[in-house]
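Working notes, beginning with the structure itself.
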Amino acid sequence: MKKVGNKWMKFLCMVLILSGCGGKQPKSTEATGADQVLKNGQEVITEYAEQGSLESKADTEDQEYGGEVSYPVTIASTNGEELILESEPLRIVSLGPNITELIYSFGVEEKLVGRTEYCDYPLEVLALDTVGTLFTPDIEKILSLEPDLVIASTLFQEESRKQLTELGVSVLVLQEESRFDGVYQMIRTLGTAFNREKKALEIVDDMQRRMDAVRETIKDRTPVSVYYVVGFGDSGDYTAGRDTFIDEILTMAGGQNVAEDVQGWSYSVERLLEADPDVVILSEADYDGFVETMPYSELSAVKNGRVYTIDVNMLDRQGTRNVEAVEEIARMLYPDLFS
C-alpha cells in the first residue's frame with residue numbers, strides 16, 4: 001500500500017499549511033502554474049523573462065496605492081511581538097510560500113529580493129535568490145540581500161528571529177490562522193506593512209464577494225459528504241479534522257466533512273469506509289494509488305467517478321488562492337450549478 005506522503009504527523013501538522021505539493025487538476029481543467037513549475041521550471045523562467053513579465057510594476061502601483069501609512073508604524077506579529085517600521089520597506093525577504101504569494105497579490109513583487117526553496121508560485125518568483133528552507137533559513141544569505149523587512153510564517157524558528165533581530169533586521173511573523181477570517185486580517189496586516197492599505201481592502205472585498213457568490217449559489221442544496229486525503233496507506237490515514245483551516249474551506253464550499261468527528265489530522269480507514277463519502281479530494285501524487293488500492297477502491301466515490309484532484313497549495317497555503325479552492329471544490333460538489 002502507498003505510504004503517507006508526510007512521514008511524521010507532528011511535522012505534517014505544521015508543514016501542511018505552507019508547503020503542500022502542487023496537485024493534479026480535474027480532467028476538465030488546465031494544469032496549474034505549480035504543475036508547470038514541476039515539469040519545466042527553468043524553461044518557464046526563461047519564457048517569462050523573454051516576455052518581460054519580470055519587469056517592475058512599481059510606477060503603476062504607486063499611482064494607485066501607497067502614501068497611506070504614517071510612519072513610524074507599529075505592527076503586531078502573531079508570535080506576540082510588536083514590530084515598529086520606521087519607513088516603508090523597499091527590500092523584502094519572504095520566509096513562507098503563502099507570504100510570497102500574497103506579496104504578488106499586492107503587486108509589490110518588485111520589493112521581493114529573496115524567498116525560500118518552497119516558494120514556487122507564481123512562476124516569476126523562481127528567478128529570485130533562495131535563502132534556504134522554512135526550517136533553516138540561511139542567515140548570512142538573508143543579510144547579503146540587505147532586506148529592511150523579513151516576513152516569516154509557519155515553521156520559522158524563534159532562534160532565527162532572534163538572530164536577525166539582533167543583527168538589526170526587522171522581522172514580521174505571521175503564523176497560520178485557524179479560521180478563514182484570520183486570512184483577511186493577515187492581508188490587512190500586510191497592507192500596513194507594505195504601505196498598501198487600500199489595496200488590502202480591495203483584496204479582502206474581492207475575496208468576500210466571491211465567497212458570497214458561492215454561498216448564494218449553493219444555499220438551497222444539502223451539503224455533500226466529502227473526504228480530503230492528506231495521507232493514506234501503511235503509514236496511516238490522515239485528513240483535515242473539524243478544528244482545521246481546511247475543514248472550514250470544505251464547509252464553505254458546501255461540503256460536509258466526514259472527518260468532523262475528529263480533531264487534528266489522524267483518521268482511520270475503518271472510519272472512512274463507514275462514512276463512505278460521496279466525494280473524495282486529493283492531490284495528483286495520491287490519485288492513482290488511492291483509487292487502485294484496497295480498501296479505498298471500494299468507496300462509493302471511487303466507483304462513481306467522484307474522486308477529484310486539486311492543487312493542494314490552494315488549501316494549504318493561506319492567502320488569496322483559498323477562495324479559488326472554495327470555488328473549485330464547490331464545482332466538484334455541485335457540477336450542475338457551476339456549468
Side-chain angles (χ1 to χ4, degrees), residues 6-21 74-85 89 91-106 108-109 111-121 125-126 128-179 182-194 244-246 264-265 312-313 315-322:
N6 296 285
K7 297 180 181 179
W8 306 281
M9 284 313 300
K10 183 177 179 181
F11 169 85
L12 169 65
C13 293
M14 297 294 289
V15 171
L16 182 62
I17 302 300
L18 290 177
S19 59
C21 298
T74 301
I75 301 176
S77 292
T78 53
N79 65 348
E81 300 286 338
E82 287 191 339
L83 170 67
I84 299 177
L85 290 178
R91 296 180 62 83
I92 299 172
V93 168
S94 169
L95 297 183
N98 70 318
I99 299 300
T100 297
E101 293 192 19
L102 284 167
I103 287 172
Y104 277 83
S105 295
F106 271 91
V108 294
E109 59 268 25
K111 301 176 184 289
L112 185 63
V113 296
R115 63 179 176 95
T116 72
E117 295 174 5
Y118 302 110
C119 298
D120 56 9
Y121 185 91
V125 77
L126 298 177
L128 290 181
D129 288 339
T130 61
V131 295
T133 68
L134 302 172
F135 302 99
T136 56
D138 186 332
I139 301 299
E140 291 187 6
K141 178 63 175 180
I142 292 174
L143 293 175
S144 73
L145 296 174
E146 300 181 344
D148 43 28
L149 178 62
V150 170
I151 308 177
S153 189
T154 304
L155 303 180
F156 184 64
Q157 303 297 306
E158 175 63 15
E159 179 182 351
S160 296
R161 187 195 68 81
K162 287 182 177 179
Q163 281 184 276
L164 289 169
T165 301
E166 290 173 358
L167 292 167
V169 179
S170 296
V171 180
L172 174 62
V173 180
L174 296 177
Q175 296 170 338
E176 81 276 8
E177 297 288 343
S178 60
R179 307 301 298 174
V183 176
Y184 298 145
Q185 182 55 49
M186 183 187 302
I187 291 169
R188 295 186 188 101
T189 298
L190 289 174
T192 300
F194 299 154
T244 63
F245 181 81
I246 293 175
W265 305 97
V312 296
N313 289 336
L315 289 80
D316 299 344
R317 298 178 182 179
Q318 296 185 347
T320 55
R321 288 204 294 165
N322 295 150

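Note: hydrogens, waters and symmetry copies are ignored here, and every other heavy atom, side chains too, is used. This chain uses plain numbering: 1 for the first residue, then up along the sequence.
- Put simply, the side chain of Val150 reaches to within 4.5 Å of the side chain of Ile142, judged on heavy atoms.
- Note: Gln185 CD to Glu177 CD = 8.0 Å, rounded to the nearest 0.5 Å.
- You'll find the side chain of Thr165 stays beyond 4.5 Å of the side chain of Gln163, heavy atoms only.
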#### Entry: Step-by-step salt bridge (charged side-chain N to carboxylate O under 4.0 Å, His left out) determination, Asp129 to Arg115
CA-CA 6 Å; Asp129 288 339; Arg115 63 179 176 95; over 6 Å; no
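- Using a 4.5 Å cut-off on side-chain heavy atoms (C-beta onward), Ser94 and Ile103 make contact.
- Counting only distance, with no hydrogens or angles, the side chain of Thr116 and the backbone of Tyr118 share a donor-acceptor pair below 3.5 Å.
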### Query
Checking side-chain contact (heavy atoms from CB on, under 4.5 Å) for the pair Phe156/Leu134: CA distance, chi angles, key distance, verdict?
CA-CA 6 Å; Phe156 184 64; Leu134 302 172; over 6 Å; no
### Message
Applying side-chain hydrogen bond (donor to acceptor under 3.5 Å, both in side chains) to Glu176 and Thr154, what does each step give before you reach the verdict?
### Response
CA-CA 6 Å; Glu176 81 276 8; Thr154 304; 2.4 Å; yes
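- With contacts defined as side-chain heavy-atom distances shorter than 4.5 Å, the pair Ile187/Leu102 qualifies.
- Listed for the Thr133 side chain is a donor-acceptor partner under 3.5 Å among the backbone atoms of Thr136.
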### Message
Applying side-chain contact (heavy atoms from CB on, under 4.5 Å) to Val93 and Val131, what does each step give before you reach the verdict?
### Response
CA-CA 8 Å; Val93 168; Val131 295; 4.1 Å; yes
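- With contacts defined as side-chain heavy-atom distances shorter than 4.5 Å, the pair Pro147/Val169 qualifies.
- The OG atom of Ser77 sits 4.5 Å away from the CG atom of Leu172 when rounded to the nearest 0.5 Å.
- Within the model, atoms CG of Asp138 and OG1 of Thr130 stand 8.5 Å from one another, a figure rounded to the nearest 0.5 Å.
- At least one donor-acceptor pair closer than 3.5 Å links the side chain of Asn98 to the backbone N or O of Gln318.
- With rounding to the nearest 0.5 Å, the separation of OG1 in Thr74 from CG in Leu85 is 8.5 Å.
- The distance from the CD1 atom of Ile99 to the CG atom of Leu95 is 9.0 Å, given to the nearest 0.5 Å.
- A donor-acceptor pair is defined here as one N or O able to donate and one able to accept, closer than 3.5 Å; such a pair exists between the side chain of Gln157 and the backbone of Leu155.
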### Query
How far apart are the C-alpha atoms of Thr189 and Thr192, what are their side-chain angles, what is the distance that settles it, and do they pass the side-chain hydrogen bond (donor to acceptor under 3.5 Å, both in side chains) test?
CA-CA 5 Å; Thr189 298; Thr192 300; over 6 Å; no
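- The two residues Cys119 and Val125 have their closest heavy-atom pair at O-CG1, 3.5 Å.
- Minimum heavy-atom separation, Pro89 to Ile92: CB-CG1, 4.3 Å.
- In this structure, CD1 in Ile75 is found 10.5 Å from CD1 in Ile84, a value given to the nearest 0.5 Å.
- The environment of CG in Leu167 is crowded: more than 12 heavy-atom neighbours from other residues, nucleotides or ligands sit within 6.0 Å.
- For the pair Arg179/Phe245, no side-chain contact is recorded, criterion being any heavy-atom separation below 4.5 Å from C-beta on.
- Closest non-hydrogen pair, Leu145 versus Val113, comes out as CD1-O, 3.5 Å.
- With a 4.5 Å cut-off on side-chain heavy atoms, Tyr104 and Thr320 do not count as touching.
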#### Entry: Steps toward salt bridge (charged side-chain N to carboxylate O under 4.0 Å, His left out) verdict (Lys162, Glu159)
CA-CA 5 Å; Lys162 287 182 177 179; Glu159 179 182 351; over 6 Å; no
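- Stacking of Arg321 on the aromatic ring of Tyr121 is recorded, both the 6.0 Å distance cut-off and the 45° axial limit being met.
- Using modelled atom types, one side-chain atom of Ser153 and one backbone atom of Leu174 make a donor-acceptor pair closer than 3.5 Å.
- When atom types are taken as modelled, the side chain of Arg91 and the backbone of Leu149 share no donor-acceptor pair closer than 3.5 angstrom.
- When side chains are defined from C-beta on, Glu158 counts as touching Asn79, because their heavy atoms get closer than 4.5 Å.
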### Task
Apply salt bridge (charged side-chain N to carboxylate O under 4.0 Å, His left out) to Asp148 and Lys111, showing your working.
CA-CA 10 Å; Asp148 43 28; Lys111 301 176 184 289; over 6 Å; no
